[in-house]
Structure formats: structure tokens, C-alpha cells
Amino acid sequence: MTLEFILRIFAAAVLGGLIGLEREYRAKEAGFRTHFLVALGSALFMIISAHGFGDVMATDNPNIRLDVSRIAAQVVSGIGFIGAGTIIFHKSENVVRGLTTAAGVWVVAAIGLACGAGLYVLAIASTFLVLLGLEAFNYFLRKFDQRREQ
């Protein structure tokens with residue numbers, strides 16, 4: 001079972017790292033290390049939530065009910081707090097910066113939770129879609145800027 005858990009955090013770290021590499025390449029606020037750590041940490045929290053309290057779950061007391069989703073819900077809240085720190089409003093320019101970075105950290109946490117739950121296909125598909133979305137958006141922005149300059 002421990003080998004399976006190691007595979008889960010490894011998969012989360014790799015998938016989060018892939019998204020982080022794209023953000024690092026674009027010189028954004030949160031890069032490889034941040035995305036790597038958020039995904040790995042989320043996976044670890046999910047594993048602990050689902051499997052770390054086996055001795056408590058083994059009780060025959062019908063009054064004890066455990067909800068493994070509670071820790072996952074707190075990961076979402078905690079990452080929201082971290083993401084909020086990356087969002088900056090420039091009053092002089094009337095522009096918000098860091099919103100995509102915050103969303104990226106948030107979705108990487110979800111990918112980490114998916115890996116921690118053993119949902120590898122969902123995590124890989126999500127990573128692919130995130131990278132596709134980030135790259136497709138940059139492609140369309142470049143095309144739009146080229147047309148505007150002409």
C-alpha cells in the first residue's frame with residue numbers, strides 16, 4: 001500500500017510540475033516549485049484524509065462517522081487563500097494581474113487531490129486541458145495582437 005501512495009504523490013508532483021514549467025516559461029508569479037509543491041501537498045493531504053485514520057475507523061461504535069472529504073475541502077479553502085496572495089490590482093492601470101496564476105494554483109491543488117485519491121486518468125486529462133487552455137489562450141492573444149497592430 002505504501003508503494004501505491006508514493007506513486008500517487010509522485011504522479012501529483014509530476015503533473016503539477018508540468019503546469020509549473022509552463023508558468024515558469026512564461027515568467028509568471030508562481031512557477032515550477034510552487035505548482036510542484038501544491039500538487040504534492042494536496043495529494044498527501046488526500047491520502048492522509050482517506051487512509052491516515054484507519055485505527056479510528058476500525059471502531060465498532062456506530063456513533064462515530066468520519067468524512068474523508070473534510071480535509072479535501074480545507075485544501076480548497078487553503079489554496080484559495082494562497083491564490084488570493086498572487087492577485088494584484090493595479091489601480092493606476094485599472095488592471096488585475098495574477099488571476100490566471102491563482103487559478104492555476106487552484107486547479108493544481110485539485111489535480112493533486114485527484115492523484116491522492118488514485119484518479120490518475122482524471123488528473124492526467126485535467127493537466128492536459130490546463131496546458132491546452134494556457135497555450136491556446138497565448139496563441140489567440142498573439143493572433144489578436146497582430147491583427148490589432150496592423
Side-chain angles (χ1 to χ4, degrees), residues 1-90 95-144:
M1 192 57 121
T2 302
L3 188 57
E4 170 67 20
F5 294 156
I6 291 170
L7 177 64
R8 290 178 185 191
I9 62 171
F10 183 80
V14 168
L15 295 174
L18 286 173
I19 295 170
L21 282 174
E22 189 279 335
R23 304 311 289 161
E24 191 88 30
Y25 175 74
R26 302 266 177 227
K28 298 302 179 181
E29 294 85 357
F32 173 78
R33 291 182 297 181
T34 302
H35 287 79
F36 177 91
L37 291 173
V38 166
L40 189 148
S42 296
L44 185 57
F45 276 124
M46 188 62 167
I47 292 166
I48 291 168
S49 178
H51 302 284
F53 304 103
D55 54 338
V56 176
M57 290 183 193
T59 182
D60 291 333
N61 188 340
N63 296 324
I64 296 178
R65 295 184 342 196
L66 299 176
D67 181 6
V68 297
S69 68
R70 292 182 73 180
I71 291 179
Q74 296 308 310
V75 168
V76 174
S77 299
I79 293 303
F81 179 76
I82 290 172
T86 67
I87 301 170
I88 300 170
F89 175 69
H90 294 279
V95 174
V96 176
R97 299 200 191 281
L99 202 53
T100 302
T101 298
V105 171
W106 184 68
V107 76
V108 163
I111 291 168
L113 289 171
C115 287
L119 303 172
Y120 300 116
V121 174
L122 181 64
I124 291 168
S126 298
T127 301
F128 174 76
L129 287 172
V130 168
L131 292 171
L132 178 69
L134 291 170
E135 288 302 311
F137 184 69
N138 280 325
Y139 174 78
F140 287 117
L141 278 179
R142 282 194 304 271
K143 291 293 185 188
F144 182 73

**Message:** Between R8 and F5, does the side-chain contact (heavy atoms from CB on, under 4.5 Å) criterion hold? Intermediate values first, please.
**Reply:** CA-CA 5 Å; R8 290 178 185 191; F5 294 156; 4.1 Å; yes
**Contact summary for L18 and L131, nearest pair of heavy atoms** = O-CD2, 3.9 Å
**Message:** For the CG atom of L37 and the CG atom of L44, what is their distance to the nearest 0.5 Å?
**Reply:** 11.5 Å
**Asked** Okay, side chain of S42, backbone of V38: is any donor-acceptor separation there less than 3.5 Å?
**Response** yes
**Complete:** Of all heavy-atom pairs linking G17 and F32, the shortest is O-CD1, 3.4 Å
**Intermediate values then yes/no, side-chain contact (heavy atoms from CB on, under 4.5 Å), E135 and R26** = CA-CA 10 Å; E135 288 302 311; R26 302 266 177 227; 2.8 Å; yes
**Asked** How many angstroms lie between CD1 in I124 and CG in L129, if you round to the nearest 0.5 Å?
**Response** 12.0 Å
**Request:** Output the distance between atom CD1 (I47) and atom CG (L113), rounded to the nearest 0.5 Å.
**Result:** 10.5 Å
**Asked** Around atom CG of L3, are there more than 12 heavy atoms of other residues, nucleotides or ligands at under 6.0 Å?
**Response** no
**Prompt:** Any side-chain donor-acceptor pair under 3.5 Å between E29 and T86?
**Reply:** no
**Prompt:** Rounded to the nearest 0.5 Å, what separation is found between the OH atom of Y25 and the CG atom of L134?
**Reply:** 13.5 Å
**Request:** Kindly check if the number of other-residue, nucleotide or ligand heavy atoms within 6.0 Å of CZ (R70) is above 12?
**Result:** no
**Request:** Spell out, as yes or no, whether a donor-acceptor pair under 3.5 Å connects the side chain of R23 to the backbone of G31.
**Result:** no
**Prompt:** What are the two closest non-hydrogen atoms of I111 and S126, and how far apart are they?
**Reply:** CG1-CB, 3.9 Å
**Message:** Measuring from atom CD of E4 to atom OG1 of T2, what distance do you get when rounded to the nearest 0.5 angstrom?
**Reply:** 10.5 Å
**Asked** Could you state the interatomic distance from OG1 (T34) to CD1 (I19), rounded to the nearest 0.5 Å?
**Response** 13.0 Å
**Message:** Show the nearest heavy-atom pair for residues A102 and G83, with the distance to one decimal.
**Reply:** CB-O, 3.3 Å
**Item:** R33, CZ atom: more than 12 neighbouring heavy atoms under 6.0 Å
**Value:** no
**Fill in**
Heavy-atom nearest pair, G98 first then I87, reads O-CG1, 3.9 Å
**Message:** Could you report the tightest heavy-atom contact between W106 and V76, atom names first, then the distance?
**Reply:** NE1-CG1, 3.7 Å
